[in-house]
Amino acid sequence: MAFPYLEAVLGFMIFMYLFETYLDIRQHAALKLPNLPKPLEGVISREKFEKARAYSIDKSYFHFIHEAVTILMDTAILYFGLLPWFWKLSGNLVAYLGLDAENEIIHTLSFLAGVMIWSQITDLPFSLYSTFVIEARHGFNKQTIWLFFRDMFKGICLSILLGPPIVSAIIFIVQKGGPYLAIYLWAFMFVLSLVMMTLYPILIAPLFNKFTPLPDGELRKKIEKLAASLKFPLKKLFVVDGSTRSSHSNAYMYGFFNNKRIVLYDTLIQQCKNEEEVVAVIAHELGHWKLNHTMYSFIAIQILTFLQFGGYTLVRNSKDLFESFGFDSQPILIGLIIFQHTVIPLQHLVNFGLNLVSRAFEFQADAFAKKLGYAKALRAGLIKLQEENLSAMNTDPWYSAYHYSHPPLVERLSAIEEADSKKEN
């Protein structure tokens, strides 16, 4: 008797939905607490707390609805055999257009085009409500409806431009890979990731945002001095016009080897009281570089990618697996989709482990900035970012342990202060 793959996948999907909903309920209860956590009393103003509380509760209600609709759609698609139905429909469309329906690449691209249209239609109401109702209600949205749809159109164009050659290459590799398929797939994805990390900030990101050099002044001097003291190969220092879309703030760095760049959101510069707070945030980011966190994360992702492809090669010719999901053939793309569904339990465990590592890295980067003498400024900067982004002040420990890749503010401030008290003792 064949193993019931479909039933097992559906069962685990529903189990994980119920488990994560339980965590969401716990978090929702924490968000509704009327008072600040004791460590933040006198640190965060009552006004900011009430605003953050209202924003978080609104997002929480929205999340419940979005997740319920998502699990209903995903379950229906698998249970009622909509995947094999749509695969056949896309093949009929290819034949109707006078193309070769037996060509798996053409058939797959037709299938993906339909999936993209479906995704855009089903995601659009949620995106519009999130952006123009929730984000606007709480003062974050700066987009016009024209800018929203212009960005969406650009994203679709990029998918049409980049998707077909990537998908075609993957299908070709699987068809010709033989016993070394996992290695070839991993090598292709490795090269692709390097190319995309190189091209994205240069060619793609500027399609959506304007990047300008940080003007000469004290802030630029301090960041360049900090980078030089750590031997960070800073080549360019940009400000991005994040304020054209949202008042949320951030900073990041990118680049390979001796060609590093730092990007500051204009909102970050506007929100921080003084330049030292911005520099402290950059010191934290440079801590990730100095402590090799970025390299460790990249290596971990490459190992996991290789293991995933290795697992896929073991099941891709399983007739029972495809038949369980309603397919009488074994298309390559469908095999990848089905495999992703079958390893959902492992993916959740891996994501949980990666979050644990990421939180440890955040504590280490904070400690690094503190050693450079930015403890006071970093503390002020973290508080300011928490306030201005209206981040959740009260968090459920189970929820944050499972979902958060960054520790809650209370834990980060406690770690900074604990280091201070140890030094004094």
Side-chain angles (χ1 to χ4, degrees), residues 105 109 112 116 150-174 177 182-214 220 223-224 226-228 230-242 244-245 248-266 268 281-309 336 354 357-358 361 365 405:
I105 291 177
L109 293 177
L112 287 176
M116 184 175 71
R150 190 179 72 179
D151 283 351
M152 187 175 75
F153 177 74
K154 288 179 181 178
I156 292 172
C157 290
L158 285 171
S159 297
I160 294 172
L161 179 66
L162 300 176
I166 294 173
V167 171
S168 300
I170 291 173
I171 293 174
F172 178 79
I173 291 170
V174 174
I183 295 175
Y184 295 146
L185 279 175
W186 169 80
F188 172 73
M189 295 306 296
F190 175 75
V191 172
L192 179 64
S193 65
L194 294 181
V195 171
M196 291 306 297
M197 283 191 291
T198 302
L199 295 183
Y200 179 83
I202 299 172
L203 299 178
I204 299 177
L207 295 175
F208 299 91
N209 289 99
K210 184 179 180 181
F211 293 79
T212 56
L214 180 66
R220 185 180 186 94
I223 293 176
E224 289 177 340
L226 172 63
L230 298 173
K231 298 182 180 179
F232 179 77
L234 178 61
K235 295 299 181 184
K236 294 185 179 180
L237 187 52
F238 290 116
V239 177
V240 61
D241 63 338
T244 59
R245 287 166 176 79
H248 288 297
S249 54
N250 202 356
Y252 64 91
M253 59 186 183
Y254 64 93
F256 294 109
F257 307 114
N258 292 323
N259 188 27
K260 304 287 188 181
R261 305 178 183 193
I262 293 176
V263 177
L264 305 174
Y265 277 57
D266 55 357
L268 175 67
V281 172
I282 299 302
H284 168 93
E285 296 300 326
L286 291 177
H288 286 304
W289 169 78
K290 193 70 174 178
L291 298 171
N292 295 315
H293 293 165
T294 305
M295 182 183 70
Y296 294 148
S297 298
F298 184 75
I299 292 173
I301 290 171
Q302 296 309 312
I303 293 172
L304 291 172
T305 301
F306 179 76
L307 292 176
Q308 280 190 317
F309 285 136
L336 288 167
L354 290 175
V357 173
S358 176
F361 284 171
S405 61

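Taking the ring pair (Phe, Tyr, Trp, His ring centres under 6.0 Å) definition, one finds that Tyr265 meets it with nothing, sequence neighbours left out. Listed by chain and residue number, Asn209 satisfy the side chain to side chain donor-acceptor pair (under 3.5 Å) test with Asp241 (two or more places apart in sequence, or in another chain). Arg261 meets the salt bridge (charged side-chain N to carboxylate O under 4.0 Å, His left out) test with no other residue; sequence neighbours excluded. With sequence neighbours left out, the ring pair (Phe, Tyr, Trp, His ring centres under 6.0 Å) criterion links Phe298 to Phe190. Every residue meeting the ring pair (Phe, Tyr, Trp, His ring centres under 6.0 Å) condition with Phe361, not counting sequence neighbours, appears here in chain and number order: His293. Remark: Asp151 engages Arg245 in a salt bridge (charged side-chain N to carboxylate O under 4.0 Å, His left out) (not counting sequence neighbours).
Counting all heavy atoms, side chain and backbone alike, Leu291 lies closest to Tyr296 at O-CE1, 3.6 Å. Residues Ser193 and Gln302 share a closest heavy-atom pair of OG-NE2, 4.1 Å. Across every non-hydrogen atom of Ser159 and Pro164, the tightest pair is O-CD, 3.6 Å. Nearest heavy-atom pair, Ser168 versus Leu109, reported as atom, atom and distance to 0.1 Å: OG-CD1, 4.3 Å. Taking both residues in full, the closest heavy atoms of Pro206 and Pro201 are given as CD-O, 3.4 Å, listed atom of the first, atom of the second, then distance. The two atoms that bring Gly177 and Tyr184 nearest to each other are O-CE1, 3.4 Å, heavy atoms only.
Note: Leu264 CG to Arg220 CZ = 10.0 Å, rounded to the nearest 0.5 Å. Summarising the geometry, atom CD1 belonging to Ile282 is positioned 12.0 Å from atom CD belonging to Glu224; distances are rounded to the nearest 0.5 Å. Between atom CG of residue Leu286 and atom CD1 of residue Ile262 there is a gap of 5.0 Å, rounded to the nearest 0.5 Å. One distance of note links NZ of Lys154 with CZ of Phe208; it measures 6.5 Å at 0.5 Å rounding. From Phe232, atom CZ reaches atom CG of Leu226 across 9.5 Å, with rounding to the nearest 0.5 Å. Note that the CG atom of Leu194 and the CG atom of Leu199 stand 10.5 Å from one another [nearest 0.5 Å].
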Determine, step by step, whether Leu214 and Ile223 satisfy the side chain to side chain contact (heavy atoms under 4.5 Å, CB included) criterion, reporting the C-alpha distance in whole Å, the side-chain angles of both residues, the deciding distance to 0.1 Å, and the verdict. CA-CA 10 Å; Leu214 180 66; Ile223 293 176; 4.3 Å; yes
Could you walk me through whether Met196 and Leu162 satisfy the side chain to side chain contact (heavy atoms under 4.5 Å, CB included) test, starting with their C-alpha distance in whole Å, then the side-chain angles of each, then the deciding distance to 0.1 Å, before giving a yes or no? CA-CA 10 Å; Met196 291 306 297; Leu162 300 176; 4.1 Å; yes
Checking side chain to side chain contact (heavy atoms under 4.5 Å, CB included) for the pair Lys236/Phe211: CA distance, chi angles, key distance, verdict? CA-CA 11 Å; Lys236 294 185 179 180; Phe211 293 79; over 6 Å; no
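Annotation: side chain of Leu185 is in contact with side chain of Ile170 (closest heavy-atom distance under 4.5 Å). Here the side chains of Val174 and Leu336 are not in contact, with every heavy-atom distance at 4.5 Å or above.
In this structure, Phe238 places its CZ atom where more than 12 heavy-atom neighbours from other residues, nucleotides or ligands lie under 6.0 Å away.
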